[in-house]
Every structure is written in C-alpha cells, then in structure tokens.
2 protein chains.
Amino acid sequence: MSSEELNTRTRILEATWKLLEQQPNKDVSMSAIARATGITRQAVYLHFASRTELMIATTEYVDEVKGLYQRMERIGAASSGIEMLEAYVDVWGNYIPEIYGIARALLRVKETDEAAAAAWFRCMDCLRDVSKQIIETLEQEDKLTNALSPPDAIDMLLVMLSIEQWELLTRDCGWSHQKYVNEMKKLLVQSFVS
Amino acid sequence: MSSEELNTRTRILEATWKLLEQQPNKDVSMSAIARATGITRQAVYLHFASRTELMIATTEYVDEVKGLYQRMERIGAASSGIEMLEAYVDVWGNYIPEIYGIARALLRVKETDEAAAAAWFRCMDCLRDVSKQIIETLEQEDKLTNALSPPDAIDMLLVMLSIEQWELLTRDCGWSHQKYVNEMKKLLVQSFVS
DNA sequence: TCTTCACTTGACATGGTGTCAAGTCTGGAT
DNA sequence: ATCCAGACTTGACACCATGTCAAGTGAAGA
C-alpha cells in the first residue's frame with residue numbers, strides 16, 4: 001500500500017524543501033507546495049495534518065538525508081580540544097547553507113507553534129551536546145578561558161554558531177561562506193582557548 | 001489642527017508599543033491595535049498607510065522616546081577602548097529589553113517588506129558606527145586582537161551584540177539580563193582585546 | 001465484481017490586510 | 001446661526017492564507 005503513499009509523501013517533502021531553499025525568507029504556502037508536488041492542496045492535508053507538521057517533517061527528512069550526525073563523528077575523532085572546535089566549525093559551517101531554507105521556515109513557525117518550538121529545541125539539544133563535549137575537553141586540557149564558566153561557555157559556543165548568527169554574518173555583513181568558517185574558527189579559538 | 005490628530009496618532013503608537021511589549025512573539029493585528037487605542041480598525045489606516053508603516057513609525061517613536069543616542073554618548077566619553085567596549089555593552093544591553101517587542105516585530109516584517117528592511121538597516125548602520133569607533137580605538141591603542149582584521153572585527157562585534165544573539169541567550173539559554181551584560185563584557189574583552 | 005484507498009472537485013469557515021463609500025459629529029470660520 | 005472641513009464610524013468588499021467537509025473519480029487488489 002505504502003509504496004505509492006510514501007512516494008507522494010516524499011514528493012511533498014522534496015517539493016517543500018526545494019521551495020524553501022529557493023526562497024528561504026518567504027512564507028511558502030500550502031498551495032505553492034501542492035502545485036510544486038503536482039497534487040491538490042487538499043491532498044497535502046491527507047499526508048500532513050497542518051503546515052507546522054509539514055515543516056517539522058521536512059526538517060526531519062532533510063536531517064536524515066543530509067546526515068548531520070554522521071558528519072559530526074569527525075569532531076569526536078579529533079585529538080585535542082582546539083581541533084574539535086575547528087572540526088565543529090567546519091562540519092556545522094558547511095551544513096548550515098544546505099539546510100538554511102527549512103531551518104528558517106521552522107524558526108518562523110516556532111514563534112507561534114509549540115510543536116515546532118519543541119522540534120527546534122530537540123535539534124538544539126543535539127548541538128548543545130557537541131558544544132558541551134568540546135568545552136569539557138578544553139577544560140580537561142586546562143585550556144578553557146577563565147573569562148567564562150564551563151556552562152556559560154557551552155551556551156556561548158552554541159549561540160556563536162547559531163543559524164541566526166550565520167545569517168547575520170553571511171546575509172547582512174556579506175561574508176562568504178568560506179570567510180564565515182575561517183574567521184569563526186579564529187575568533188572561537190581566541191575567545192574560548194586560554 | 002493637529003493637536004487632536006497628533007494625539008490619536010500618538011495613542012496608536014503607544015498602543016502598538018504596549019501590545020508588542022506584552023507579546024513580543026505574536027503578530028499583533030491591526031484590529032487589536034485599534035481596539036487597544038479605542039478606535040476602529042479603519043481609523044488606524046487614516047494615520048498609517050499600512051501595517052509595515054505603523055511598525056516603522058513605532059520603531060522611530062520608541063527610539064525617540066527612549067533616547068538611545070543620548071545614552072550612547074557615555075561610550076565616547078570613556079577614556080580607553082576597553083572602557084568603551086564595556087560602556088557599549090552596558091548601554092546597549094540595558095536598552096534591548098526596553099525595545100525588544102517592537103524590534104522583534106520589525107525584524108519579522110523586514111523579511112518580506114523592503115521598506116521595513118531599509119528602516120532596520122538604518123538602525124544597524126548607527127550601531128555599526130559605534131562598533132567601528134570602538135574597534136578603531138582599540139586598534140590605535142594597539143590592543144585589538146590580531147585574530148581578526150579591523151573590518152571583520154567591526155562586523156563581529158555588531159553581530160555579537162545583535163538583538164538576535166541577546167534573544168538566544170536570555171530566552172533560549174535562560175540568562176538573566178544582568179548575566180548577559182556581565183558575561184558579554186568578559187567575552188568581548190577576551191575576544192577583541194589582545 | 002466489489003471494495004478500498006489515494007486523490008480530486010468544489011464548497012465553506014475563520015481571520016488577516018487593505019480599500020471604498022456613505023454617514024456622523026464637532027470645532028471653527030463666516 | 002449656519003455652514004463646512006476634518007476626524008472618525010459603519011458596513012461593506014476583495015484578496016489571500018489555513019484548515020475542514022462532503023461527494024465524486026479511478027485504479028489496484030481481494
């Protein structure tokens with residue numbers, strides 16, 4: 001039964017993803033998604049109960065396809081805190097542009113929808129774990145700055161590498177993606193390593 | 001003639017401001033603003049051509065009432081780059097919570113409206129000037145980190161003190177307003193001063 | 001052949017922005 | 001005293017979004 005059903009579902013997810021990548025700052029409508037999928041608007045609701053649910057599902061779909069967690073393994077393999085930090089910036093900094101469209105959409109929807117906020121914070125929690133791992137490694141090596149306590153350093157690292165921050169630097173300040181990665185590495189080492 | 005007219009206009013601006021402060025993450029509607037002002041929705045359009053225009057006018061109104069530029073004078077009066085940096089965090093960090101509601105609204109509207117984006121970037125340009133002044137002072141004192149070039153440092157300082165960053169730390173990480181100011185001062189000195 | 005499931009067609013409710021026309025009410029000028 | 005202009009109201013309408021419902025179609029499988 002579900003081969004065909006899954007197919008349509010996946011086609012909706014792909015269309016949503018594609019539209020969001022094309023116009024990350026527009027509110028892509030259910031009609032536009034249906035049109036891009038080649039079905040009616042009502043049919044979308046046969047697969048996703050609401051716009052929010054579709055956005056959450058698309059986020060999960062993209063995460064699955066793009067395999068962030070696999071890429072993150074590089075970080076644990078690094079042999080020092082500084083190397084971990086740099087690997088983090090590399091992996092994450094290269095990941096953001098690939099998921100920016102859907103991430104922006106989820107960020108917008110999160111403001112008014114609890115389920116979306118929960119989904120967003122689930123993602124944030126994963127990133128926080130990575131951040132924590134790095135700060136703790138730096139601390140064990142006695143290389144963590146004493147300007148910040150370890151818990152505060154975890155928060156700060158997370159926020160420094162947030163999508164919002166990336167957006168400000170690349171969109172508003174005109175930094176290239178490569179410049180973001182390079183400068184961010186330098187700044188983070190300067191900020192967190194004593 | 002305009003005493004009465006100005007009065008209603010100001011009442012609308014005050015109502016808009018108040019509603020946005022109460023619910024910074026909801027899209028306050030024109031009906032809600034009219035209701036809070038005690039006039040009809042249509043009457044609001046007699047004073048402001050569109051929702052965007054009202055948001056921009058409210059931003060300007062709040063800026064005028066709150067007098068950011070006056071407060072900023074403290075920064076120029078500081079006797080060293082580090083003191084300027086700390087004064088900036090003090091002034092700006094205490095300002096953000098007072099204007100957060102309308103700032104958030106303008107940020108939302110900026111995504112889809114060019115006029116709102118222009119208004120936003122006008123504000124950003126003022127802040128950039130302050131950021132530039134501080135980085136240049138640090139550079140003249142030979143105290144600027146060599147991890148970043150001066151122009152990049154200006155961008156980075158601006159982004160570190162962005163409303164988005166403040167929002168992440170105080171809302172998502174649960175930092176108190178005071179903690180934000182204290183930790184940010186320490187981190188910025190660590191990051192930008194060699 | 002009959003049923004089930006995915007999808008379509010077409011309608012409707014609700015709530016937002018923005019516009020229009022006609023009416024009311026008040027203060028000020030003649 | 002009257003008349004007028006300007007501020008505001010009333011009540012409509014267009015348009016577009018999300019979300020819901022009911023009835024119909026069409027094809028694959030039992």
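Protein chains get the first letters and strands the later ones, always in sequence-line order, with residue 1 at the start of each.
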query: More than 12 heavy atoms of other residues, nucleotides or ligands under 6.0 Å from CG of A/D142: is that the case?
result: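 Counting neighbours around CG of A/D142, 12 or fewer heavy atoms of other residues, nucleotides or ligands fall under 6.0 Å, so no.
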
Whole-Å distance between [N] [atom2] and [X] [atom1]?
| X | N | atom1 | atom2 | answer |
| --- | --- | --- | --- | --- |
| A/R35 | D/dA17 | CZ | P | 8 Å |
| B/F48 | D/dA7 | CZ | C1' | 14 Å |
| A/K26 | D/dC16 | NZ | C1' | 15 Å |
| A/N7 | C/dC5 | CG | P | 19 Å |
| A/R9 | C/dC5 | CZ | P | 18 Å |
| A/M55 | D/dT18 | CE | P | 9 Å |

N/O donor-acceptor pair under 3.5 Å between A/W120 side chain and A/K110 backbone: no

message: Using every non-hydrogen atom in the two residues, find where A/G81 and A/I134 come nearest and quote the distance to one decimal.
response: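 Minimum heavy-atom separation between A/G81 and A/I134: O-CG2, 4.2 Å.
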
- prompt: Quick one: are B/M55 and B/D113 in side-chain contact, heavy atoms under 4.5 Å?
  reply: no

- prompt: Hey, mind stepping through B/S191 and B/T145 against side-chain contact (heavy atoms from CB on, under 4.5 Å) and telling me if it holds?
  reply: CA-CA 7 Å; B/S191 303; B/T145 174; over 6 Å; no

message: Is the phosphate of D/dC8 approached by B/H47 (side-chain N or O, under 4.0 Å from OP1 or OP2)?
response: yes

message: Run the ring-ring contact (aromatic ring centres under 6.0 Å, His included) test against A/F48 and tell me which residues pass, sequence neighbours left out.
response: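 Scan of A/F48 (ring-ring contact (aromatic ring centres under 6.0 Å, His included), adjacent residues dropped) gives none.
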
Using nucleotides 17-21 of chain C, report all nitrogen or oxygen pairs with the protein that are shorter than 3.5 Å.
{"unit_1": "C/dT17", "atom_1": "OP1", "unit_2": "B/M30", "atom_2": "N", "d": "3.2"}
{"unit_1": "C/dT17", "atom_1": "OP1", "unit_2": "B/R51", "atom_2": "NE", "d": "3.3"}
{"unit_1": "C/dT17", "atom_1": "OP2", "unit_2": "B/M30", "atom_2": "N", "d": "3.3"}
{"unit_1": "C/dG18", "atom_1": "OP2", "unit_2": "B/Y45", "atom_2": "OH", "d": "3.3"}
{"unit_1": "C/dG18", "atom_1": "OP2", "unit_2": "B/R51", "atom_2": "N", "d": "2.8"}
{"unit_1": "C/dG18", "atom_1": "N7", "unit_2": "B/R41", "atom_2": "NH1", "d": "2.8"}
{"unit_1": "C/dG18", "atom_1": "O6", "unit_2": "B/R41", "atom_2": "NH2", "d": "2.8"}

